Amino acid sequence: MSQPGTESSGQRILVVDDDPALAEMLQLVLRKERFITDWCSSGTAALPAFEKFRPDLILLDLMLPGLSGIEVCREIRRVSGTPIIMLTARSDTHDVVAGLEAGADDYVSKPFKSKELVARIRARLRQPLDSAPEADLMTVGDITVDVRAHQVTRDGEEISLTPLEFDLLVALARRPHEVFSRDLLLQEVWGYRHAADNRLVNVHVQRLRSKIERDPEHPSIVITVRGVGYRAGDGGEEDR
């Protein structure tokens, strides 16, 4: 493993990639942007590295010796909502969706431009905007969203969401009568637009529904408006 940088913003990024040259390049770029970095080269080493380093974000290669990136992602998601950006040489829909379904927040296809990667990292690490006092507590169907506490509850019991899933729910709940296109959700939740790529939104909506809907097959909180996008429901509607 490499030694963490000495001067940084204080935000820590763990690079998990079996290509030493790429990992070194990534760390140089990230340290220049004043991040603290650490690196491991296998899926097997990733979980101990995560426990020891406690990163604020993980750059995780899809193809790794030992545990695959998808397996690593699943294991981390069992215990943490730390943002994960997948690094993949594969643009195949199945591989990308598998990574997102495992819990990755975003993905970047190799080769990638350093500026684009840094922009995506900053988007995931950005601090949430302060909300107006009247928007601190919202109700969507039978769940309550406490923005300041970053908490979602149903009947007093907390529902565990990743930071990105929480941001997605809040974006919809704040404007309950608006239908959000996938492009608009990409801009508001992820902080940028992907050219003709709606897989990020579709997969994360399904992940969110699996946690907050009583019946994810017949959602009543996150409603699909076919041909347009998604909107918040009132708890009594089904997907249409």
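Just the heavy atoms: all of them, side chains too, but no hydrogens, waters or symmetry mates, feed the values below. Note that the coordinates shown come from a computational prediction; the quantities given were computed from them, not determined experimentally.
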Next on the checklist: Determine whether Met25 and Leu22 satisfy the following criterion, side chain to side chain contact (heavy atoms under 4.5 Å, CB included), listing intermediate values before the conclusion.
Outcome noted: CA-CA 5 Å; Met25 181 275 290; Leu22 176 61; 3.4 Å; yes

Next on the checklist: Quick one, Leu57 with Ile84, criterion side chain to side chain contact (heavy atoms under 4.5 Å, CB included). Give me CA distance, side-chain angles, the key distance, then yes/no.
Outcome noted: CA-CA 6 Å; Leu57 182 141; Ile84 298 174; over 6 Å; no

Next on the checklist: Leu64 vs Thr44, test: side chain to side chain contact (heavy atoms under 4.5 Å, CB included). Steps then yes/no.
Outcome noted: CA-CA 9 Å; Leu64 291 168; Thr44 306; over 6 Å; no

Item to check | side chain to side chain contact (heavy atoms under 4.5 Å, CB included) between Arg207 and Glu101, intermediate numbers included | outcome: CA-CA 7 Å; Arg207 285 182 56 83; Glu101 288 179 340; 5.5 Å; no

Next on the checklist: Asp56 vs Arg12, test: salt bridge (charged side-chain N to carboxylate O under 4.0 Å, His left out). Steps then yes/no.
Outcome noted: CA-CA 5 Å; Asp56 297 295; Arg12 306 161 73 85; 5.6 Å; no

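The two residues Arg231 and Leu172 make their nearest non-hydrogen contact at CA-CD2, 4.1 Å. Heavy-atom minimum distance, Cys73 versus Gly103: SG-C, 3.6 Å. Between Asn202 and Arg182, the closest heavy-atom pair is OD1-NE, 2.7 Å. In terms of heavy atoms, Val179 sits closest to Gly229 at CG1-N, 4.3 Å. Between Ser42 and Ala45, the shortest heavy-atom contact is OG-N, 3.1 Å. Of all heavy-atom pairs between Gly233 and Ile223, the closest is CA-CG1, 3.7 Å.
Remark: Asp105 does not engage Arg120 in a salt bridge, criterion side-chain N to carboxylate O under 4.0 Å. Arg175 and Glu188 are joined by a salt bridge, as a carboxylate oxygen and a charged side-chain nitrogen come within less than 4.0 angstrom of each other. Checked for salt-bridge contact, Asp61 and Lys110 meet the test: a charged N lies under 4.0 Å from a carboxylate O. Using a 4.0 Å cut-off between a side-chain N of Lys or Arg and a carboxylate O of Asp or Glu, Arg214 and Asp155 qualify as a salt bridge.
With values rounded to the nearest 0.5 angstrom, Ile13 atom CD1 is found 6.0 Å from Leu125 atom CG. To the nearest 0.5 Å, atoms CD1 (Ile121) and CD1 (Ile85) are separated by 5.0 Å. Distance check: Thr88 OG1 to Phe112 CZ gives 11.0 Å after rounding to the nearest 0.5 Å. Rounded to the nearest 0.5 Å, atoms OG1 (Thr37) and CG (Leu28) are 8.5 Å apart. Separation of atoms CD1 (Ile159) and CG (Leu208) is listed at 9.5 Å; rounding is to 0.5 Å. Taking OG1 of Thr139 as the reference point, atom CD1 of Ile221 lies at 11.0 Å (rounded to 0.5 Å).
Remark: side-chain polar atoms of Glu213 are paired, donor with acceptor, to backbone N or O of Val222 under 3.5 angstrom. Using a distance-only test at 3.5 Å, with no hydrogens or angles considered, no donor-acceptor pair links the side chain of Glu165 to the main chain of His204. A distance-only check finds no donor-acceptor pair linking the side chain of Arg77 to the backbone of Ala102 [under 3.5 Å]. Of the possible donor and acceptor atoms, none in the side chain of Arg34 sits under 3.5 Å from a partner among the backbone N and O of Arg31. Trp39 places no side-chain N or O within 3.5 Å of a backbone atom of Glu24 that could act as its donor or acceptor partner. Checked by atom type and distance alone, the side chain of Thr153 never pairs as donor or acceptor with a backbone atom of Gly156 at under 3.5 Å. A distance-only check finds no donor-acceptor pair linking the side chain of Gln151 to the backbone of Val145 [under 3.5 Å].
Heavy-atom contacts from other residues, nucleotides or ligands closer than 6.0 Å to CD of Glu178 number more than 12.
Side-chain contact between Gln11 and Ile36: absent, with no pair of heavy atoms (C-beta onward) separated by less than 4.5 Å. The shortest distance between side-chain heavy atoms of Leu30 and Leu59 falls below 4.5 Å. Between Val15 and Ile58 the shortest side-chain heavy-atom distance does not fall below 4.5 Å. Met138 is listed as a side-chain neighbour of Val170, based on a closest heavy-atom distance under 4.5 Å. Residues Ile212 and Leu161 meet the side-chain proximity criterion, which asks for heavy atoms closer than 4.5 Å. No side-chain heavy atom of Arg122 sits less than 4.5 Å from a side-chain heavy atom of Leu117. Looking at Val16 and Val72, their side chains never come closer than 4.5 Å, going by heavy atoms from C-beta outward. Contact check for Trp190 versus Val201: side-chain heavy atoms found under the 4.5 Å cut-off.
Side-chain N/O atoms of Thr224 and Arg209 include a donor and acceptor closer than 3.5 Å. Side chains of Ser80 and Thr82: a donor on one and an acceptor on the other come within 3.5 Å. Tyr107 and Asp95 share no donor-acceptor pair across their side chains, judged by distance under 3.5 Å alone. Between the side chains of Thr144 and Arg154, no donor-acceptor pair is found at a separation under 3.5 Å.
Evaluated for a side-chain contact (heavy atoms from CB on, under 4.5 Å) with Leu87, the options Leu60, Asp19, Leu26 yield exactly one hit, Leu26.
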